[in-house]
Structure formats: C-alpha cells, structure tokens
Amino acid sequence: MSSPASAGPVVAPPQKVNLRTPEVMSAVQEQVESHYRSDIVDKVRRNGGILRVGDVTVRLAKQFGFCYGVERAIDLAYAAGKVFKDRRLFILGEIIHNPEVNEQIRSLGIKNLMGKGKEAEIDDLQPGDVVIVPAFGTEISTLEQIKERGCQIVDTTCGDVMSVWKRVRKYASESATSIIHGKAEHEETKATSSRALGNGQGHYLVVLTLAETDYVCDYIRHGGNKEEFLEKFRGAYSSGFDPELHLRSVGVANQTTMLRGETEEVQRRIRQAIMDRDGPELAGTNFRFFDTICGATQERQDALRELLDVKMNLLLVVGGYNSSNTSHLAEMGEEKLPTYFVRNASRLLSTEEILHYNLHAREEVVARNWLPEGPLVVGITAGASCPNNLIEETLIRLFELRGIGREQLQAAA
Ligand code: SF4
C-alpha cells in the first residue's frame, strides 16, 4: 500500500474535536435509544429478571447485553455522524460484533474500510475524511496509514483493551515475549499483538486452546521441532519469532473476552512449564502475567453461572456469532442444559424448529423439538454487543410460540 506521507507533502494533523458536548450527546442518546432500547427488557430487569405468563417463565441473567465499552463506541460513532455530517465517514471494520448494530451504522452513511463487507479502501482516504476506530482498537500500522492521510480519527477503543496494550508493551520493554490467550484473527488480538512488538524488540505468540498451550509448554520444557512449531502456529506469532529464543522469558495476557477459567489455566500451565525448566527462583524473572479479562465479560459470565444454578428447560443466548464473549456464554450454557445461540428472533422458526449457531461446526443448524410442551422455564442471556431490542424481540417470539401475545406480555412485565 502506498504512503502519501513518503510520496508527497506532509499532511497536517487535523484539529481535535470534542464530540461529547451536551447538545450532541443528548441528540445521540435519543437516537441510540430509539434504535436499541426495550421497555419490556427494562421492566423485567427491574422486576428481578423474571417474567411469568401462563405456564411460561423467562429468567434473564442479572447482567447481559451492552457493556460500557460498547455503549461508548456506539455513542461516539453516532456523535461523529452528527458533528461531521458534511464529511465522508468511514469505519475500520465492524464497530462491534453484532450484525444488526453494524447495519444501523451503515445506515448512518458510515462506510466500512476493512474485512467482510468492505466498501472503500484506505488508499482512497483524503485529508478531512473521518475514520472511526472500533471498540476493539486497531493495529498500529493501520492507524499510522490513516494519520498519514490527514484523516480525523474518532477512536472508540475501549479502555479495557488499552489496559492490555499497556501490559504487553511493558512485557516488550522487559524483553519478554507476550503469550496472548485469544483468537489470532480477532481484531482485538491483532491490535494487541501489534503493541506487543514494543519499539521493535518485542515478540508475541497467540494461543487459543489448552491443547495449544500444552504444546507450547512441552516446547518450553524439552525443546522440540522448530519447523513443526512454526507451522502449527502459522499466522499467530510475530515476524522473526524463534521458539528456541523467544520462549526464554514470557508474559501472559489475554483477549478481554475469554473465559476466565480457561485463561487462568493457560497462565497456570505456562508458569508451571517455566518453573520446571528454570526452577522457582528464575521462574519469577522469566514468567509474568496479568489478568486482562474485562469487567463486563466477567460480570456476564458470573451472572450466567448464577442463572445456571436454577432449574430450567433451556437457555437462549442472543448475539452475533462472531462475538467472542457471547460464544463463551453459549459454551457455558452447553455444559449444563440445551442451549441455543441465536442471532435474533427470526431464528425461532416454530415450536418444532430453531435455527441456531453450532459453535463446534461453526455454522447455523436447525434443531428440532427444541421447545418442550407444558410448564416451561427458559433462561435468556446476551453478550456485551447485543442490544436490548434484539433480546425483547426474542422474548416476544418465544411467548408467541406458546400462544401468548405482545399485549399480554406488556401487561405482565
Ligand atoms: S467487552 Fe469488555 S473490552 Fe470489550 S468493549 Fe465491552 S468492556 Fe470493553
């Protein structure tokens, strides 16, 4: 990709603009609420999260749906649409992992520069264009390209993601390789990986599963076949990464939306491997970790754990299928009871059939006979990127399938 800064005159950086003025934010609030709010969900929440009509009971998790980081990102994107209404507006991929929200962002005239559904090229950006950085952040190189083009940047990166960046930068400054528990292709992990390089001296390796962690641990303890290692983790380590050299001193961090239990296990296994290799004293120098699961992810996992203690017939998890924190909620549910991960209400096809995302097959599949007859208790939760209006529609559809209409629900809520 060509760089106008190196090819032509230096472009002056745009002036900082405060988007969060009271007038703008009050207009944003109104619009955001009209798109994503739900009266029914708000009422059920206020009534202890239980809605009972006839022989159907719905129990909502105590924490679900939009987190503070997502709310802030959406507010800023809507504010950008108002403050820069005469400029061209772009976004670096999806603002969050929810197709309905992304569709709303598109409807505001904001064009996507990356990934699936890309509508424009970074190369075509001009000074004065506005570029929104999503809640997961972006890679340093991408940010540089945009700055070089003199664009106005609206950075919605969540503060919790930036905390992970701070941590991996510190590891790099201590010449420790960052081992990142996450998905190598996830936007947040790519953004974090780019910070793990520090000033060029740092390295990173991304591990996703405990099986991958065990492979790395074996290598730490006994060495192994370097070519095989590099092939196995292709696309998940920094340029020039050498397992012989760069697993001597490591620091573990994680994508903010992983399962806490699994992340802790990754840390524990790597620490043990370093201790086995170096002994306890040196392990203190060669191993460091910092828990970077965000508060919102933690709260949603804790709330679901509590909900799963209640006897229920099934669980509905509502949200985008590429949402990491939502997928983990579905995993937690699957361990306990029939769980259906649905994008929205349209997936509840009939009392016989539901179209849901199978995490293992990584595709939507139809399940039959999913809705039992007779008294029914259904748990509902949703990931940090799911708006309340989608939860409401799912709830309404569920009751509708049992012959209970919207008016009855509104009266009972
Ligand atoms: S899920 Fe966590 S890290 Fe992601 S936007 Fe929400 S609060 Fe921030």
Side-chain angles (χ1 to χ4, degrees), residues 36 38 41 58 60-61 64-66 70 93-107 112 114-118 134 136 182-189 208-209 255 257-259 297 300-301 304 307-308 312-372 376 378-402:
Y36 306 121
S38 155
V41 170
V58 160
L60 296 180
F64 60 85
F66 276 1
V70 161
E94 301 186 326
I95 186 147
I96 57 169
H97 285 152
N98 186 282
E100 279 76 11
V101 175
N102 290 314
E103 198 45 53
Q104 287 285 10
I105 295 289
R106 248 190 304 281
S107 74
N112 184 6
M114 296 178 99
K116 258 201 249 158
K118 179 159 121 170
F136 337 96
K183 294 180 180 147
E185 71 283 2
H186 190 285
E187 295 92 327
E188 181 194 315
T189 296
L208 178 60
T209 62
Q255 195 179 309
T257 48
M258 303 308 279
L259 261 184
T297 295
R300 278 150 191 71
Q301 290 175 10
L304 178 57
L307 180 66
L308 291 174
M312 301 186 294
N313 297 90
L314 60 103
L315 177 72
L316 293 174
V317 179
V318 189
Y321 300 149
N322 57 348
S323 160
S324 167
N325 78 91
T326 317
S327 305
H328 292 312
L329 296 176
E331 275 172 35
M332 287 174 66
E334 271 182 6
E335 285 180 8
K336 290 266 188 145
L337 81 175
T339 295
Y340 304 100
F341 182 6
V342 292
R343 192 182 130 176
N344 57 33
S346 72
R347 271 45 187 176
L348 280 60
L349 302 175
S350 65
T351 49
E352 282 82 39
E353 292 187 335
I354 187 167
L355 188 59
H356 70 114
Y357 189 69
N358 182 314
L359 289 165
H360 315 282
R362 295 187 181 201
E363 61 179 4
E364 276 194 320
V365 295
V366 173
R368 292 178 213 288
N369 303 319
W370 69 283
L371 197 61
L376 180 71
V378 177
I380 298 188
T381 189
S385 47
C386 183
N388 278 359
N389 64 314
L390 294 185
I391 301 166
E392 173 180 294
E393 286 161 19
T394 305
L395 200 142
I396 289 173
R397 176 68 180 147
L398 174 72
F399 278 99
E400 187 186 71
L401 288 174
R402 292 293 296 257

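Numbers for residues simply follow the sequence, beginning at 1.
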Heavy-atom donor-acceptor pair, [X] side chain to [Y] backbone, under 3.5 Å:
X: Gln255; Y: Lys183; answer: yes
X: Asn325; Y: Ala384; answer: yes
X: Gln301; Y: Met258; answer: yes
X: Asn112; Y: Gly93; answer: yes
X: Arg300; Y: Ala382; answer: no
X: Arg397; Y: Leu349; answer: yes
X: Asn102; Y: Ile96; answer: yes
X: His97; Y: Gly320; answer: no

When rounded to the nearest 0.5 Å, the distance separating CD1 of Ile396 from CG of Leu348 is 12.0 Å
Approximate separation, where rounding is to 0.5 Å, of Ser350 OG and Leu371 CG: 9.0 Å
Side chains of [X] and [Y] in contact at under 4.5 Å (non-hydrogen atoms):
X: Leu316; Y: Trp370; value: yes
X: Val41; Y: Phe64; value: yes
X: Leu355; Y: Glu353; value: no

Please walk me through it: do Asn98 and Leu390 pass side-chain contact (heavy atoms from CB on, under 4.5 Å)? CA-CA 10 Å; Asn98 186 282; Leu390 294 185; 3.8 Å; yes
What residues, two or more places apart in sequence or in another chain, satisfy ring pair (Phe, Tyr, Trp, His ring centres under 6.0 Å) together with His328? none
His356: partners by ring pair (Phe, Tyr, Trp, His ring centres under 6.0 Å), with sequence neighbours left out: Tyr340
Can you give me the closest heavy-atom contact between [X] and [Y], atom names plus distance?
X: Ile380; Y: Val318; result: CG2-CG2, 4.3 Å
X: Ala330; Y: Phe341; result: CB-CD2, 3.9 Å
X: Met312; Y: Leu307; result: CE-O, 3.7 Å
X: Ser385; Y: Ser323; result: OG-OG, 3.5 Å

Mind running side-chain contact (heavy atoms from CB on, under 4.5 Å) on Leu304 and Leu315 for me, showing each step along the way? CA-CA 10 Å; Leu304 178 57; Leu315 177 72; 4.0 Å; yes
Any luck finding a side-chain donor-acceptor pair between Asn322 and Glu94 under 3.5 Å? yes
Salt-bridged, Glu364 to Arg343, with N to O below 4.0 Å? no
List the steps and the verdict of side-chain contact (heavy atoms from CB on, under 4.5 Å) for Glu100 and Glu393. CA-CA 13 Å; Glu100 279 76 11; Glu393 286 161 19; over 6 Å; no
One pair to check against side-chain contact (heavy atoms from CB on, under 4.5 Å): Tyr357 and Thr326. What are the steps and the verdict? CA-CA 11 Å; Tyr357 189 69; Thr326 317; over 6 Å; no
